[in-house]
Amino acid sequence: MIKPLRGMKDLMFDDAQRFVHIVTTAVKVAKRYGYSYIETPILEETSLFKRSVGDSSDIVSKEMYQFEDKGGNDVCMRPEGTAGVVRAFVSAKLDRQPMKQKFYYYGPMFRYERPQKGRLREFHQFGCESFGEASVYEDFTLIVMISQIFKELGIGFDLLINSLGCPECMPPYRENLVNFLTDIKEELCEDCNRRIGTNPIRVLDCKNEKCQSLLPQSPKLIDNLCESCESDFKKLTELLDEAGIAYTVDTNLVRGLDYYNKTAFEFVSNEIGAQSAIAGGGRYDKLVEYLDGKPTPAVGFAIGIERIMELVKMPQPQREGYYMGAMVPEAVEKVIMLANDKRAQKKVTVEYSSKGFKSHMKGVDKSNARFAVLIGEDELKNGTVWIKDMESKEEKTISLEEF
RNA sequence: GUAGGCGUAGUUCAGUUGGUAGAGCACCAGUUUGUGGCACUGGUUGUCGCGGGUUCGAGCCCCGUCGCCUACCCCA
């Protein structure tokens, strides 16, 4: 028996319904905010992710499904969604239009990691990317939008926010931090020592207890922001306060991808295991440039669909459509033909074998049909059908034409 | 890559100090000839993950292997 690959899952029945409900809800909300659908390839040139997500990131350095295709191209399965959307934005030369652009997408992402609760090798994200809007109002609006999606899905969450600074205030801070970390590097873990060279900001997010115990005295970017970043971040907190959205400023919040600047945020849940991030995002004003576009401010986010699957409160399933069956073999084909016509309008479940009344009624329940429609000996003879409304329990025998 | 836990019926699991397997759920059929969800009765289902070893005998003990889960790392 061939089973799906490690970290990959089939989706069916209840889970499939949840999945569709999540996506349709998110799409519905995104459209209200003016987002339109974009679909980009799952396979992209490897350099796209090296240049956007960042060479030093774990995603690029060890988690990509990367290979050479038959034409000798270095390609990989997308590990996240933003890079592809930005590439598409630049490919279509939208960076040369003064118009603001907003896109939503959803689909599979691939990362070659060790699977655990809430972490798969193939997983799905719903995401939005807003181009051309530098205002912090947009950062705020995105956060409101995610809150609204979660609210409609019945999901509780905590919101963490931070500012990652910009090209003006980040470099001096970074130098400052590297100095601090270098002084205590003897006591930091192996990973952190590596991070000092590659991406010192990530040290702040280290889960190692020893490291964390040394970090409270570390310089915080939030205390060293430039005027513009400082005022934007302050504005964001004010807007969130006014909107009544609770948040925690987490100065150790570092997004895993290199392209973020200024606003970074993460929605987390404490009900789903160690992998608690259910949505994450932020601003990435330099990414369009990195990918050969004209400077274009941008901000976006992604929701991890599998991460919120078990959190979603599903609406009550409603009885729908018809169940049709025959109680004498001669009536089977009559039932099938009748069902064909009915299906032009309604959902119909047909039982092909002639069965007893009781057996059919069980089938009606199983199919969750609103109406039971049966043809027995009498109905066949008289050219009628017996129909019962399973909710009102009202039943009657009517002519074929009437049905 | 590292650590721990687990692989027995479709599913969730039980299986005593080693004596060639069981329950609930699900499924199917009935419960006086055409009224469902409930209840009752009956029935079907397993190369006990795979390969070796110990033993008269292994689901149980030993070794290996594969797979799954959880956690670290990292992140949605």
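In what follows, chains are A, B, ... by sequence order, proteins preceding strands, each numbered from 1.
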How long is the straight-line distance from CG of A/Asn179 back to CG of A/Leu177, given to the nearest 0.5 Å?
9.0 Å

Measure the spacing between CG of A/Leu253 and CG of A/Leu221 and express it to the nearest 0.5 Å.
11.5 Å

Ring pair (Phe, Tyr, Trp, His ring centres under 6.0 Å) partners of residues 48-73 of chain A, not counting sequence neighbours, each pair once:
A/Tyr65-A/Tyr112

For [X], which contact category applies under a 4.0 Å heavy-atom criterion: base, sugar-phosphate, or nothing?
{"X": "A/Asp365", "value": "base"}
{"X": "A/Lys3", "value": "sugar-phosphate"}
{"X": "A/Gly356", "value": "nothing"}
{"X": "A/Met390", "value": "base"}

Using the [atom1] atom as the point on both nucleotides, what is the distance between [M] and [N], in whole Å?
{"N": "B/G52", "M": "B/A58", "atom1": "P", "result": "13 Å"}
{"N": "B/U54", "M": "B/G18", "atom1": "C1'", "result": "11 Å"}
{"N": "B/U8", "M": "B/U47", "atom1": "C1'", "result": "12 Å"}

Could you tell me how the ring of A/Phe157 sits relative to the ring of A/Phe150: parallel (under 30°), tilted (30 to 60°) or perpendicular (over 60°)?
tilted

Could you check which nucleotide pairs with [N] in any of the strands shown, counting Watson-Crick or G-U wobble with both distances under 3.5 Å?
{"N": "B/G37", "result": "none"}
{"N": "B/A14", "result": "none"}
{"N": "B/C72", "result": "B/G1"}
{"N": "B/G7", "result": "B/C66"}

For [X] and [N], is the shortest distance between a side-chain N/O and OP1 or OP2 below 4.0 Å?
{"X": "A/Lys9", "N": "B/C68", "answer": "no"}
{"X": "A/Lys358", "N": "B/U35", "answer": "no"}
{"X": "A/Gln116", "N": "B/C69", "answer": "no"}

In 5'-to-3' order, the base (B), backbone-only (S) or no-contact (-) status of each nucleotide in nucleotides 1-12 of chain B, using a 4.0 angstrom heavy-atom cut-off, is BB----------

Would A/Lys342 pass as a cation-pi partner of A/Phe403, given that its NZ or CZ must be under 6.0 Å from the six-membered ring centre and within 45 degrees of the axis?
yes

[X] side chain: which of [options] is closest?
{"X": "A/Ala274", "options": "B/U35, B/C75, B/C72", "value": "B/C72"}
{"X": "A/Gln275", "options": "B/C73, B/G34, B/G37", "value": "B/C73"}
{"X": "A/Lys393", "options": "B/U70, B/C75, B/G37", "value": "B/G37"}
{"X": "A/Arg319", "options": "B/C73, B/G37, B/A76", "value": "B/G37"}

With A/Lys100, which residues qualify under side chain to side chain contact (heavy atoms under 4.5 Å, CB included), at least two apart?
A/Glu133

For RNA chain B, the residues among residues 368-383 of chain A that have a non-hydrogen atom under 4.0 Å from it:
A/Asp378, A/Glu379

Listed in order of residue number, which residues of residues 25-46 of chain A have a non-hydrogen atom at under 4.0 Å from RNA chain B?
none

For a salt bridge (Lys or Arg N to Asp or Glu O under 4.0 Å) with A/Lys262, tell me which candidate from A/Asp139, A/Asp285, A/Asp232 qualifies.
A/Asp232

Just how far, in rounded Å, is [atom2] of [N] from [atom1] of [X]?
{"X": "A/His360", "N": "B/U35", "atom1": "NE2", "atom2": "P", "answer": "13 Å"}
{"X": "A/Phe150", "N": "B/A76", "atom1": "CZ", "atom2": "P", "answer": "13 Å"}
{"X": "A/Phe49", "N": "B/A76", "atom1": "CZ", "atom2": "P", "answer": "14 Å"}

Taking the nucleotide of RNA chain B with the closest heavy atom to each, which residue, A/Met327 or A/Gly273, is nearer the 5' end?
A/Met327

Of A/Gly7 and A/Tyr260, the one whose closest RNA chain B nucleotide lies more 5'
A/Gly7

With a centroid cutoff of 5.5 Å and a plane-angle limit of 30°, would you call A/Trp386 stacked on B/G34?
no

B/C73 base to A/Glu63 side chain: any donor-acceptor pair below 3.5 Å?
no

Can you say whether a donor on the side chain of A/Arg307 sits under 3.5 Å from an acceptor on the base of B/C75, or the other way round?
yes

Side-chain ion pair, A/Lys346 and A/Asp341, N-O less than 4.0 Å:
no

Going by heavy atoms in the side chains, are A/Phe89 and A/Thr296 under 4.5 Å from each other?
yes

Could you go through nucleotides 28-30 of chain B and list every protein N or O atom that sits under 3.5 Å from one of its N or O atoms, giving the distance for each pair?
unit_1, atom_1, unit_2, atom_2, d
B/C28, OP1, A/Lys366, NZ, 3.4
B/C28, OP2, A/Lys366, NZ, 3.2

